[in-house]
Protein chains: 2
Amino acid sequence: MKFEEAKSKFIQTWGALGSQWGINKTMAQIHALLMISPDPLSMEDIMEELHISRGNTSMNLRSLMDWGIVFKEYKPGERKEFFSAEGNIDELARKIAKERSRREIKPTLRVLHDISAIDGDESTKAAHFKAKTEELYDFVSRADNMLEKITEQKENWITKTILKLMR
Amino acid sequence: MKFEEAKSKFIQTWGALGSQWGINKTMAQIHALLMISPDPLSMEDIMEELHISRGNTSMNLRSLMDWGIVFKEYKPGERKEFFSAEGNIDELARKIAKERSRREIKPTLRVLHDISAIDGDESTKAAHFKAKTEELYDFVSRADNMLEKITEQKENWITKTILKLMR
DNA sequence: TCGAACTTTCAAAATATTTTGAAACATTTA
DNA sequence: TAAATGTTTCAAAATATTTTGAAAGTTCGA
């Protein structure tokens with residue numbers, strides 16, 4: 001396979017993976033592009049490479065920066081802004097895990113907690129509901145905890161975790 | 001909070017969580033409904049409760065069954081089919097993890113492997129690309145492995161894993 | 001303070017996904 | 001075998017999401 005072909009395939013694949021995980025395709029593609037670029041890219045570079053509009057590029061770069069996985073850089077003498085991706089993959093995964101926990105798991109836990117406190121209903125249905133939501137709360141908070149434990153090990157968390165699991 | 005309100009909130013929340021993870025809203029809502037229902041429900045029941053069409057219900061029930069987290073049941077003497085959700089949450093999470101690995105991670109690994117085998121290009125860009133995709137392959141396959149290790153412990157895997165991590 | 005260079009915003013357009021509903025299909029019973 | 005009961009399919013409609021592009025905003029240097 002030739003470089004250009006491989007590059008395009010990578011960007012497409014990363015984009016598709018993104019959509020499957022609730023991240024918009026372009027955002028994932030920009031990230032892919034920045035990841036494999038040895039040097040920071042300007043907005044123009046990205047627009048050109050991915051054939052997307054200026055507005056789209058701008059918005060998605062902002063999102064990526066909100067996630068903390070893409071950074072703005074300034075080159076001396078250049079007026080333009082340049083962008084680069086988090087280079088360390090462990091760190092990338094840790095940040096994504098943290099953000100998803102904060103944005104999705106924590107709020108869900110809150111709702112689960114609130115709704116399992118239903119009052120004044122002794123029906124079988126209500127009892128079953130209460131039991132289920134409590135069980136779910138318990139499970140999700142344990143899972144979230146596990147994720148925290150795993151990702152708080154800064155260096156090489158994947159490897160460390162595997163080692164611990166094999167003991 | 002009253003039962004009906006809590007129930008509706010739960011279904012909405014579960015649906016929203018689903019979308020954020022690339023699962024369609026209705027599919028997640030049907031699953032939520034079945035989870036909190038003490039007894040299996042018929043297609044009619046589901047349609048009525050969620051105010052959705054027959055076709056939509058049918059298609060999403062099929063998907064849920066493909067994922068192995070909802071089952072068809074037959075009640076003696078009844079012509080209709082009834083549906084119920086996997087009741088064990090550990091088991092539910094294991095099945096989801098397995099399916100996502102099979103459907104998304106494995107194919108991605110395949111692509112990563114293929115594209116890091118680019119030939120005849122000695123440029124810095126190509127070298128960087130190769131290094132990055134290899135690193136990614138390595139990371140993703142370790143993560144996938146870890147997930148397998150964690151979920152292959154049938155009973156209470158979350159708890160077991162946390163214990164091991166704390167040692 | 002002005003104008004050039006660049007970025008952000010956001011309403012409208014394009015695109016993608018989901019949902020509907022009715023016809024086709026399947027199965028059971030009389 | 002026909003009617004009754006129930007399920008699936010899928011093209012079209014509805015809805016939701018993404019993308020565009022041009023105007024507004026920002027920053028910097030002269």
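Keep in mind that this is a model prediction, so the values were computed, not measured. We name chains A, B, ... by the order of the sequence lines, and we start the count at 1 in each one.
In the hydrophobic cluster analysis, where Ile, Leu, Val, Met, Phe, Trp and Tyr join through side-chain heavy atoms closer than 4.5 angstrom, A:Met59 is grouped apart from A:Leu34.
Rounding to whole angstrom units, CG of residue B:Asn60 and C1' of D:dT8 are separated by 13 Å. One atom, CZ of A:Arg54, and another, P of D:dT26, lie 18 Å apart when rounded to the nearest Å. The distance from atom CG of B:Leu61 to atom P of D:dT9 is 12 Å, rounded to the nearest whole Å. Rounding to whole angstrom units, CZ of residue B:Arg62 and P of D:dT7 are separated by 13 Å.
Side-chain contact between B:Trp21 and A:Trp21: present, with at least one pair of heavy atoms (C-beta onward) separated by less than 4.5 Å.
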Output side-chain donor-acceptor pairs under 3.5 Å for residues 136-147 of chain B, partner residues at least two apart or in another chain, one line each.
from	atom 1	to	atom 2	distance (Å)
B:Asp138	OD2	B:Arg142	NE	3.2
B:Ser141	OG	B:Tyr137	O	3.2
B:Ser141	OG	B:Asp138	O	3.2
B:Arg142	NH1	A:Thr159	OG1	2.7
B:Asp144	OD1	B:Ser101	OG	2.9
B:Asp144	OD2	B:Lys106	NZ	2.8

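Ion pairing between a basic and an acidic side chain is recognised when a charged N comes within 4.0 Å of a carboxylate O; A:Glu44 and A:Lys80 show no such pairing.
Side chains of B:Ser42 and B:Asp45: a donor on one and an acceptor on the other come within 3.5 Å.
Chain B approaches DNA chain C over the interval C:dT18 to C:dT28, counting the first and last nucleotide 5' to 3' with an atom under 4.0 Å from its heavy atoms.
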B:Leu112/A:Phe10 under side chain to side chain contact (heavy atoms under 4.5 Å, CB included): CA gap, chis, key distance, verdict: CA-CA 7 Å; B:Leu112 283 174; A:Phe10 175 65; 3.8 Å; yes

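Along DNA chain C, the nucleotide closest to A:Arg79 and the one closest to A:Glu44 are compared, and the more 5′ of them pairs with A:Arg79.
Using a 4.0 Å heavy-atom distance criterion, B:Asn56 is classed as a base contact.
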